[in-house]
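The structure appears right after this line, and notes come after that.
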Amino acid sequence: QVQLVESGGGLVQAGGSLRLSCASSGRTVSSYGMGWFRRAPGKEREFVAGISWRGTSTQYADSVKGRFTISRDNAKNTVYLQMSSLKPEDTAVYYCAARENWGLGTVEYEYDYWGQGTQVTVSS
C-alpha cells in the first residue's frame with residue numbers, strides 16, 4: 001500500500017509562488033508515475049502535471065504550462081510542484097497521485113493512490 005501526504009499549500013497573492021511537496025510512505029513510489037491534480041470550488045478535479053518514474057518525461061495542463069514545474073526526488077520518495085506567477089484561478093485543493101506504471105498519466109482513472117489534498121488560495 002502507498003500513502004501520500006501533500007504539504008506546502010497556503011494563501012499567496014497573485015503573482016507569487018508556492019512549492020507543494022508530496023511525500024510517500026509504505027511501498028516505494030520510485031518506479032511509479034506521479035501526478036498532480038486540482039479541484040477548484042464548484043468544479044471537477046482536473047489534471048495539472050505528470051511525471052514519469054525517472055523524471056525524464058513530464059506533461060502539463062495548458063493552463064499551467066510555463067508557470068508550474070513538476071519534479072521528483074526518488075531517493076526521498078517525494079514529488080514536488082513548483083508554482084510560479086500564480087493567478088486567482090489557480091485557487092483549488094491540490095492532490096498528489098501515484099500510478100503503478102512507469103509512465104505518467106493525465107486522467108484520474110490512470111492513478112491508483114491519492115493523497116488527501118492541500119489547499120492553495122491565490123488572492124487578487
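Values reported hereafter were calculated over all heavy atoms of this structure, with side chains retained and with hydrogens, waters and symmetry mates removed.
- Cluster membership check: L81 shares its hydrophobic cluster with L4, using side-chain heavy-atom separations under 4.5 Å among Ile, Leu, Val, Met, Phe, Trp and Tyr.
- One hydrophobic cluster, built from ILVMFWY side chains closer than 4.5 Å, holds both V64 and I51.
- Between atom CG of residue N101 and atom CD of residue E110 there is a gap of 8.0 Å, rounded to the nearest 0.5 Å.
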Step by step, would you call N77 with S30 a side-chain hydrogen bond (donor to acceptor under 3.5 Å, both in side chains)? CA-CA 6 Å; N77 279 322; S30 60; 5.0 Å; no
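- Taking 4.0 Å as the cut-off between side-chain N and carboxylate O, K65 and D62 count as a salt-bridged pair.
- Considering only heavy atoms from C-beta on, W36 comes within 4.5 Å of L20 through its side chain.
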Assess the residue pair Y95 and F37 against the criterion (ring-ring contact (aromatic ring centres under 6.0 Å, His included)); give the C-alpha distance rounded to whole Å, side-chain angles, the decisive distance to 0.1 Å, and a yes or no. CA-CA 5 Å; Y95 299 89; F37 289 73; 8.7 Å; no
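- Residue L18 comes nearest to G8 through the heavy atom pair CD2-O, 3.8 Å, listed as atom of the first residue, atom of the second, then distance.
- Contact annotation: the side chain of S21 never approaches that of E6 to less than 4.5 Å [non-hydrogen atoms, C-beta and beyond].
- Taken from OG1 in T56 to CG in L104, the straight-line distance is 9.0 Å, to the nearest 0.5 Å.
- With R72 contributing its side chain and K76 its backbone, the two residues share no donor-acceptor pair below 3.5 Å.
- Taking every heavy atom of both residues into account, A49 and Y60 meet most closely at CB-CD2, 3.6 Å.
- Between R99 and G103, the shortest heavy-atom contact is NH1-O, 2.9 Å.
- Residues R67 and D90 have side chains in contact (heavy-atom distance under 4.5 Å, counting atoms from C-beta outward).
- Closest approach of M34 and A98 over heavy atoms only: SD-CB, 3.4 Å.
- Applying the side-chain hydrogen bond (donor to acceptor under 3.5 Å, both in side chains) test to residues at least two apart or on different chains, the pairs with a partner in residues 41-50 are R38-E46, R45-E108.
- Grouped by direct or indirect side-chain proximity (heavy atoms under 4.5 Å, Ile/Leu/Val/Met/Phe/Trp/Tyr only), W102 sits with W53.
- The CD atom of Q119 lies 7.0 Å from the OG1 atom of T91; values are rounded to the nearest 0.5 Å.
- Taken from OG1 in T58 to CD1 in I70, the straight-line distance is 8.0 Å, to the nearest 0.5 Å.
- The aromatic rings of Y94 and F68 are tilted relative to each other, their planes meeting at an angle between 30° and 60°.
- A chain of hydrophobic side-chain contacts below 4.5 Å, direct or via other Ile, Leu, Val, Met, Phe, Trp or Tyr residues, connects V12 to V48.
- One finds the CD atom of Q1 at 10.0 Å from the OG atom of S25 (value rounded to the nearest 0.5 Å).
- The shortest side-chain heavy-atom distance between Y80 and C22 does not fall under the 4.5 Å cut-off.
- Shown here for S124 and P88, the closest heavy-atom pair between the two residues is CB-CG, 3.9 Å.
- Between atom OG1 of residue T69 and atom CE of residue M83 there is a gap of 11.0 Å, rounded to the nearest 0.5 Å.
- Using a 4.5 Å heavy-atom threshold, the side chains of V29 and V2 count as touching.
- Taking 4.5 Å as the limit, some side-chain heavy atom of T106 sits within range of a side-chain heavy atom of Q59.
- For Y32 and R27, the side-chain atoms include at least one donor-acceptor pair closer than 3.5 Å.
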